[in-house]
Amino acid sequence: MLAIHHHHKQQEHELESLKQNYKFNIEAVFDHESARDCFRKFLKDNLNEDPFMFYEMVEKYQKTRLDKNRFDMAVEIMNTFIVVSAKHELNLSMTIRNDILKNWKVIQELNEGKSAELMECPTDLFQKAQNVIFSELKQDNFPRFIDSEQFVKYLKKEARKSQFKGSPATLLDLLGSKKAMERSDSGLSHELTESGSLEDMSVVENKPSTIADNDRPLVDPHSVYISSKDYDIVNELISSLNDSSRWKVVEEKTGMKTLTSAHNYYLNPSDGALPLICFTGLAKGNHKELFNLIFSQHFEKKMSALQKRKLQLDYIKINPENGVDYPNSIIYSELDTHFPISKRDLVLAKTVIPDLYNPETDDFDRYSIIQKPCTHQDAPISKEFIRVSLFSAIIVEKKTNDTLRYYMFDFMDLKGKVPKKLLSGIARFAAKEFHKYLQKQFINPRDGRIKSPSADSPTEEELYSSEGMVELLHDHINYIREHILPKNTL
Amino acid sequence: MGNIVVSPHDKEGQHHMMATPTSNNPNGGSAATAKNKSEITVLLLGAGESGKSTLFKQVQFFHGVGITHDQERIELIEIVRLNVLENAKNLVAATQHLNIPIEQPENRETAKLIINSLNTNDLEDPSWSKRLYSLWKDAGIQKAYENREKFQLYDSTEYLFENLDRICSDKYVPTVVDVIRTRTKTIGITDMKFDVGDGKQLRLVDVGGQRNERRKWIHFFNTVDAVVFLTSLSEFDLNLYEDNGYWRVKESLRVFNEVVNNALFYKVPFVLLFNKRDLFEKKIATKSFSKYFSGFNEAEEKNPVACIEYMTKLFLNEITEHPLDTVSVKTLSAIDHDNSKQVFEEVKQFIMTQQHRE
């Protein structure tokens, strides 16, 4: 552990030269209270505090739960920021202003004469304006702020605080990331054993990597929700598993296999790429039984142990005309993880896809549970948390009348100051553990058969549904039965 | 680019045609007796999209304060790409609004993605360069583009689409021209300082131009030593960003009137810059100028000099208080580096000379 105390001057000098190597991030500044205050002061000095005030007020508005209270706030926001010649009138295009005015008129009419309990006022009334305002601050004012003396002064002042003493970079890491000056090498150089200790890791420099030519996307970048393209990618992964140029076997036992991808995958090109983990296996029994077990409360409980807090933010109905190929449940959760990956949270879109309809059984021969990173306006924002990216796909399919195959793909980017090597180590370790757990829990070691539902196993009604997954599956199956199967049988 | 200066009283159009003072307002001009000040504050004013920030960026460049290094311009990749996306979105939205169908099915597909989910990271992909270019060349989009006076669109649209190859490459570093051509709506104020000799510094202040932004201008009116007012020559067929039913020329004239006749500026040197001369010349070749100005002789409408002369008269007629001998009128093409440099140098000389005269 380094504990060298620098003199002020030396540290300030170091800070200024370090600053040159950083790309600062307006989202991070907004999430960091004192930096946010400094930005606000800068805007005020440059006669542009209005957008900031608006932004904060809309934040408050969106968090307000009671419609009546939101309505009252909306009146204030309209009169302070939106109407022409308002005291803090925003620089809005006429299109956006008129949209808000039009919607607001409808809302006012709807609520006229209504008692407080019956009032309705949508949380997204100012969403578009807020996004535009934020984007304009980002493009116009934020770069000037970063170059300003005010920001340098702020950094110097903050760096004197005890938690940053001797390591000004930790301060900069909070507000931005190091500029990617070179492309990171990809491939299997991330090879690392679980025995690698944290001391070893701490000297590994965490270069934010940019993606390389042979890196591959893991998700459909054009859809926030899980789309048919996401499902296509999963199917392609499954069909590639026998290709030894694409997958390396990490561990193989009878009926189970853990693999890691030769190529790196990415969710978002700017976050860099990591290897993907897959485990797959064969078991005896009916695939639906395994699916139900995975879907069960017991399993969910095990997963919930890794999470401090979990809530369903939204449920997106299936609507292929509008590009929503599957029903999606949007989940927020706080992870219960420890140093050096503490304080992580995530927002996921989750779905279940029934596929390969079998008229003989009137059921589907394959079920896939896919989750991928998502964004949502109602997701809690906390300056303490780092939002991580998680992708997983669990596929259970019928092989013969009495056998099934399962596949699980896992991808985890824990963000922040974690060496990439450590990350992939953790991911592989977690995958192996998980695989063992799964085998132990669901498959009888003697005959490789799915454990028969024991007396205490849940009925469907008891299936864990805090994520809305049971309802989601019903919706999805109903939709397929109503809209897709009739067409295919013609 | 020629630098034509016209006076309403003198059609010869000499280089610095100063009109004679028409009034000598005793109430005016308590501010800005800046003779011995070491800092000269010059305000860039004008309605939205008149080119204030473009000129500001040019001045930054030729004083070496701007983004002269590749490394610094790399920071602007996202902003350039955002401009591409916003242009594309505006065009697609316009096809819907104007009821012009996008012709090719694959372009319709691209349009859908642009409206719903495309972000700047996606643009780092040569295949997007092809798709966006194909969309740009779609007959529907081109028809909307021809009707661009009916909606809000940046001046740089064509430039950006014609340079997609570079912009969508993973090796992309914005050029100086890219940075100049990129539109970022200025909100609030920003300034820069540079030495102008004699131990003096010039502080150039850039501001936002939309109606709500103008309330902020007054903060500087007390300390200002010179005003450079920009108006866009090419706005004669356009309406306002903040009010689609209001003619931009009318707005510019109104704002000019308010500023130039402000008592605080009575003794302040005042420069009127007719900007976007390049765009203007292209525009009058295909569009009727006289359609918008009943007092203008239709036979002259393809002659840029005559048109500019007419505009100059319109603006100078607004001056009721300010002494005309401290008003200078010039044309400018702010996206042209050399022209900006030359015009700004003249503006600087004019301001300095006026300062000495006091």
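Per chain, numbering begins at 1; letters A, B, ... match sequence-line order.
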Just verifying a value: how many Å separate [X] [atom1] and [Y] [atom2], rounded to the nearest 0.5 Å?
| X | Y | atom1 | atom2 | answer |
| --- | --- | --- | --- | --- |
| B:Leu82 | A:Lys138 | CG | NZ | 7.0 Å |
| A:Asn46 | B:His219 | CG | NE2 | 11.5 Å |
| A:Arg144 | B:Thr184 | CZ | OG1 | 9.0 Å |
| B:Tyr241 | A:Ile96 | OH | CD1 | 6.0 Å |
| B:Glu86 | A:Gln139 | CD | CD | 5.5 Å |
| B:Ile187 | A:Leu43 | CD1 | CG | 9.0 Å |

Between A:Asp45, A:Asn48, A:Asn91, A:Leu90, who has the most heavy-atom pairs with chain B when the cutoff is under 4.5 Å?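 Most pairs with chain B among the choices: A:Asn91.
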Report all side-chain donor-acceptor pairs from residues 81-88 of chain A shorter than 3.5 Å, counting only partners two or more places apart or in another chain.
residue	atom	partner	partner atom	Å
A:His88	ND1	A:Asp50	OD1	2.8

Interface residue of largest heavy-atom contact number with chain A, from [options], under 4.5 Å:
| options | result |
| --- | --- |
| B:Asp191, B:Leu113, B:Leu76, B:Ile189 | B:Ile189 |
| B:Gln210, B:Lys185, B:Glu78, B:Lys112 | B:Lys185 |
| B:Asn116, B:Thr190, B:Leu240 | B:Thr190 |

Residue part contacting chain A, namely of [X], when any heavy atom lies under 4.5 Å:
| X | value |
| --- | --- |
| B:Gln152 | neither |
| B:Glu242 | both |
| B:Asn244 | both |
| B:Tyr246 | neither |
| B:Arg215 | side chain |

For the CD atom on A:Glu149, are there more than 12 heavy atoms of other groups (residues, nucleotides or ligands in this structure) within a distance under 6.0 Å?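 Not more than 12 within 6.0 Å, no.
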Tell me, yes or no, whether the heavy-atom count around A:Lys41 atom NZ, taken from other residues, nucleotides or ligands under 6.0 Å, exceeds 12.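 No - once you tally the heavy atoms of other residues, nucleotides and ligands closer than 6.0 Å, there are 12 at most.
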